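A quick write-up on the structure given underneath.
All of these numbers come straight from a predicted model, not from anything done at the bench.
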Amino acid sequence: MLGELDPCGGGDPIPLRGKKLMVGRRPSCDIVLPFPNVSSHHCELEYKDGHWNIKDLGSSNGVRVNGERCTTRVLYPGDEILVGKHGFKIQYTVVGESPDEEEPVEANPTAMSLLEKAGLEAERVATRNTAEAAREKRRRKQTRRLTSEDDFLMEWFPDE
């Protein structure tokens with residue numbers, strides 16, 4: 001056995017017995033995941049040079065490794081793989097040296113959102129944070145009860 005896939009939601013581990021394994025919904029696959037959000041031939045796991053690699057085979061719902069969508073990726077022990085909407089942690093013993101880094105982000109068009117590519121993600125987050133702060137300020141202002149002393153003092157402070 002070359003390792004195993006541990007289901008994140010509980011269940012029996014899936015042994016990785018061959019060096020090249022097809023994962024999908026079809027009964028002919030090496031690892032069968034009979035769920036509608038798993039493609040018939042979803043992805044391929046390959047044990048090469050002492051490391052497991054995953055390759056998306058053009059599936060509808062994609063493959064994610066540690067939350068990031070990818071087409072190909074070297075897997076390390078403990079990495080979380082999402083096939084469709086089903087999560088697994090891969091467990092195995094690394095043999096040999098670590099391979100060169102994974103695919104560059106440019107090679108995977110879905111690894112980065114369009115907002116990130118356009119440089120607008122930080123702007124969107126800042127806008128959202130500003131809007132949240134304004135809502136919080138309005139909420140606090142609406143729930144505060146004023147007394148006659150507060151009215152007198154508030155005349156001296158400019159509105160923000």
Minimum-distance pair of heavy atoms, taken over all atoms of P7 and P13: CD-CA, 4.0 Å
Within a strict 4.5 Å, meaning less than it, do heavy atoms of the [X] and [Y] side chains meet?
X	Y	result
L57	S39	no
L45	L5	yes
Y76	N66	no
L16	I90	yes
K85	N61	no
L33	F88	yes
S28	H41	yes

Report yes or no: does [X] contribute a side-chain atom to a donor-acceptor pair with the main-chain N or O of [Y] at less than 3.5 Å?
X	Y	answer
R73	I54	no
S40	R26	no
H42	D56	no
D30	M22	yes

I need the [X] [atom1] to [Y] [atom2] distance, nearest 0.5 Å.
X	Y	atom1	atom2	answer
E46	H51	CD	NE2	13.5 Å
R64	C70	CZ	SG	9.0 Å
C43	N53	SG	CG	12.0 Å
E4	D12	CD	CG	10.0 Å

ILVMFWY cluster, L82 and F35 together (side-chain gap under 4.5 Å): no
Side chain to side chain contact (heavy atoms under 4.5 Å, CB included) evaluation trace for W52 with L2: CA-CA 9 Å; W52 279 100; L2 299 170; 3.7 Å; yes
Criterion side chain to side chain contact (heavy atoms under 4.5 Å, CB included) on H86 and N37, from CA distance to verdict: CA-CA 9 Å; H86 304 280; N37 58 6; 3.0 Å; yes
Whether Y92 and Y47 hold their rings parallel, tilted or perpendicular, with breakpoints at 30° and 60°: perpendicular
